[in-house]
S.K.: 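Attaching a single structure in structure tokens format; questions to follow.
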Amino acid sequence: MGSETPTNETVFLLLGFSDLPLMAQGSLFVFFFFSYLLSLVGNGLIIVTITLSPQLNSPMYFFLRTLSFVEICCISSTVPKVLQSFTLMGRTISFTGCVTQFFTFAVAAGCECTILTVMAFDRYMAICHPLRYSSVMRANLCYLLTMVSWIFAVVNAVVHCSLLFRLPYCGSHLIAHFFCDVPPLISLACVNTFSIEVCLLILSATATVIPTVLIICSYINILTSIFQLHSAESRYKAFSTCGSHLVSVVIFYGTAMFVHLRLDNPFSSYNDRMLALSYCVIIPTINPMIYSLKNKEMKAAIRKLSHKHFRFQGLNKQKNYNNKCYSGIKSK
């Protein structure tokens, strides 16, 4: 079968979950739909709460707000097209659409890697060097770290796209996945992709392994400092501020590294699709619950904003009622 270099007219066909039974497809559609809805509501609530709550004006919540925005970008780059792919007409995706989807997802995933690392550094400074925390973690440094995270993610995504989408593909344009990802696109190439895979492996290692090492080093120092605390209450408080972040790191890095840090390993459609669900869908959905339900300050801020909202609505209703009564009396 002859090879061809993809152009703007090239159309790919996303397999999605069309190879599964209809009942399983229906269950997955409901799962994707409600996961997307919960992720938008949960992450959006975190962004609004941190933005409108002066008591959450700290570096930890600044980075958490950035993480929530990244999670929205990550899940929005894949799930809307997945929902379309459950219909026959929605499974096609143009070459431009495929590049755009992969680029958006790569930027969001790369930024999440660095933001999680920055959050680990923030916890390290807060627990290991509390006296220097306010002088080091200033607003300028927070903005600088966030900007560096986005720049790194964009550069990483551009290099990935330049390597991946110049490959000649065989006649089959069937992507055995629910979105345009590296393993299924590599499997379509008609040429020896070993050198490309090595380059992509180095890029993926830079984006995952190095941050993982930095996070591990941070938590080794954090745990050492926590065990040196004499008060059980202080130890519990320190653990509670790190537990949510650690859970997110383990799930995200564990699955992402398993899928992408491989050489000469045949692409397994079903297994990789199931693994991709964790960092594409599950993490953006459960992160708001992890960071808000176990955080007393976040819960207090959400309750305070809710009370303000309902109080404002009540005052508006009372004002409208008084205006109507006044208008009625005046007309008489």
Side-chain angles (χ1 to χ4, degrees), residues 30-77 79-80 108 111-112 115-123 125-127 130 133-134 137-139 142-143 145-146 149 222 233-252 278-320:
V30 174
F31 167 75
F32 276 106
F33 178 78
F34 283 103
S35 295
Y36 188 49
L37 189 63
L38 287 173
S39 178
L40 292 180
V41 172
N43 286 295
L45 180 61
I46 287 178
I47 293 172
V48 171
T49 302
I50 294 175
T51 303
L52 299 180
S53 302
Q55 67 269 30
L56 300 182
N57 185 21
S58 67
M60 181 178 74
Y61 294 108
F62 174 83
F63 295 127
L64 177 57
R65 180 175 58 185
T66 304
L67 180 65
S68 295
F69 176 74
V70 171
E71 299 284 23
I72 291 176
C73 295
C74 183
I75 197 169
S76 297
S77 66
V79 171
C111 189
E112 183 164 356
I115 289 295
L116 288 173
T117 308
V118 169
M119 292 175 73
F121 173 72
D122 173 72
R123 293 298 84 207
M125 289 300 302
I127 294 173
Y133 180 74
S134 57
M137 299 302 296
R138 295 181 177 179
C142 295
Y143 285 115
L145 291 173
T146 304
S149 299
I222 288 171
E233 183 179 354
S234 299
R235 288 196 295 269
Y236 174 77
K237 186 177 180 180
F239 272 122
S240 64
T241 59
C242 300
S244 302
H245 175 259
L246 194 57
V247 170
S248 297
V249 167
V250 170
I251 298 175
F252 179 80
S278 61
Y279 59 85
C280 289
V281 181
I282 295 176
I283 291 178
T285 304
I286 66 174
N287 264 356
M289 293 180 281
I290 292 174
Y291 284 104
S292 60
L293 294 180
K294 297 183 67 176
N295 190 307
K296 292 181 180 179
E297 292 181 338
M298 277 293 300
K299 288 190 289 187
I302 292 173
R303 283 195 296 267
K304 189 175 181 180
L305 287 178
S306 300
H307 291 160
K308 283 184 178 180
H309 173 73
F310 289 119
R311 184 180 174 186
F312 180 75
Q313 292 292 332
L315 291 173
N316 278 343
K317 288 181 180 179
Q318 184 66 37
K319 185 178 179 180
N320 292 334

S.K.: If we ignore angles and hydrogens, is there a donor and acceptor under 3.5 Å between the side chains of Asn287 and Glu71?
M.R.: yes

S.K.: Where is the tightest heavy-atom contact between Ile75 and Val281, given as atom of each residue plus distance?
M.R.: CD1-O, 4.1 Å

S.K.: To the nearest 0.5 Å, how far apart are CG in Leu37 and CZ in Phe32?
M.R.: 15.0 Å

S.K.: Hey, is the main chain of Ser35 close enough, under 3.5 Å, to the side chain of Thr285 for a donor-acceptor pair?
M.R.: yes

S.K.: Which heavy atom of Ile290 sits nearest to which heavy atom of Ser248, and what is that distance?
M.R.: CD1-OG, 4.4 Å

S.K.: Does CZ in Phe31 sit with more than 12 non-hydrogen atoms of other residues, nucleotides or ligands closer than 6.0 Å?
M.R.: yes

S.K.: Hey, could you give me the CD1/OG1 distance between Ile46 and Thr66, rounded to the nearest 0.5 Å?
M.R.: 12.0 Å

S.K.: Does Phe69, at its CZ atom, have more than 12 non-hydrogen atoms belonging to other residues, nucleotides or ligands within less than 6.0 Å?
M.R.: no

S.K.: Kindly compute the distance separating CE (Met289) from OG (Ser39), expressed to the nearest 0.5 Å.
M.R.: 9.0 Å

S.K.: Assess whether side-chain contact (heavy atoms from CB on, under 4.5 Å) is satisfied between Phe63 and Leu145, documenting all intermediate values.
M.R.: CA-CA 9 Å; Phe63 295 127; Leu145 291 173; 4.2 Å; yes

S.K.: Would you check if Val118 and Ser149 make a side-chain contact, meaning some heavy-atom pair closer than 4.5 Å?
M.R.: yes

S.K.: Just verifying a value: how many Å separate Arg65 CZ and Thr51 OG1, rounded to the nearest 0.5 Å?
M.R.: 4.0 Å

S.K.: Between Val79 and Phe33, does a side-chain contact (heavy atoms from CB on, under 4.5 Å) hold up when you go through it step by step?
M.R.: CA-CA 8 Å; Val79 171; Phe33 178 78; over 6 Å; no

S.K.: Please report the closest heavy-atom contact between Val70 and Ala108, naming both atoms and the distance.
M.R.: CG1-O, 3.1 Å

S.K.: Which residue is it: Val247, Ile282, Leu116? I am looking for the one with a side-chain contact (heavy atoms from CB on, under 4.5 Å) to Phe252.
M.R.: Leu116

S.K.: Within the 4.5 Å heavy-atom criterion, are Thr49 and Tyr61 side-chain neighbours or not?
M.R.: no

S.K.: Is any side-chain heavy atom of Glu112 closer than 4.5 Å to one of Ile283?
M.R.: yes

S.K.: Measuring from His245:NE2 to Asp122:CG, what's the distance to the nearest 0.5 Å?
M.R.: 9.0 Å

S.K.: What do the steps show when you test Ile47 against Ile72 for side-chain contact (heavy atoms from CB on, under 4.5 Å), and what is the final call?
M.R.: CA-CA 11 Å; Ile47 293 172; Ile72 291 176; 4.0 Å; yes

S.K.: Using only atom types and a distance under 3.5 Å, with no angle test, would you say the side chain of Ser77 pairs donor to acceptor with the backbone of Cys74?
M.R.: yes

S.K.: Indicate yes or no: at least one non-hydrogen side-chain atom of Met60 is less than 4.5 angstrom from one of Arg123.
M.R.: yes

S.K.: Roughly how far apart are Ile50 CD1 and Leu64 CG, rounded to 0.5 Å?
M.R.: 4.0 Å

S.K.: Could you walk me through whether Ser76 and Leu40 satisfy the side-chain contact (heavy atoms from CB on, under 4.5 Å) test, starting with their C-alpha distance in whole Å, then the side-chain angles of each, then the deciding distance to 0.1 Å, before giving a yes or no?
M.R.: CA-CA 9 Å; Ser76 297; Leu40 292 180; 4.2 Å; yes

S.K.: Taking the side chain as every heavy atom from C-beta outward, state whether Tyr133 and Pro59 have any pair of such atoms under 4.5 Å apart.
M.R.: yes

S.K.: We want to know whether Ser68 and Tyr291 form a side-chain donor-acceptor pair, criterion being a heavy-atom distance below 3.5 angstrom.
M.R.: no

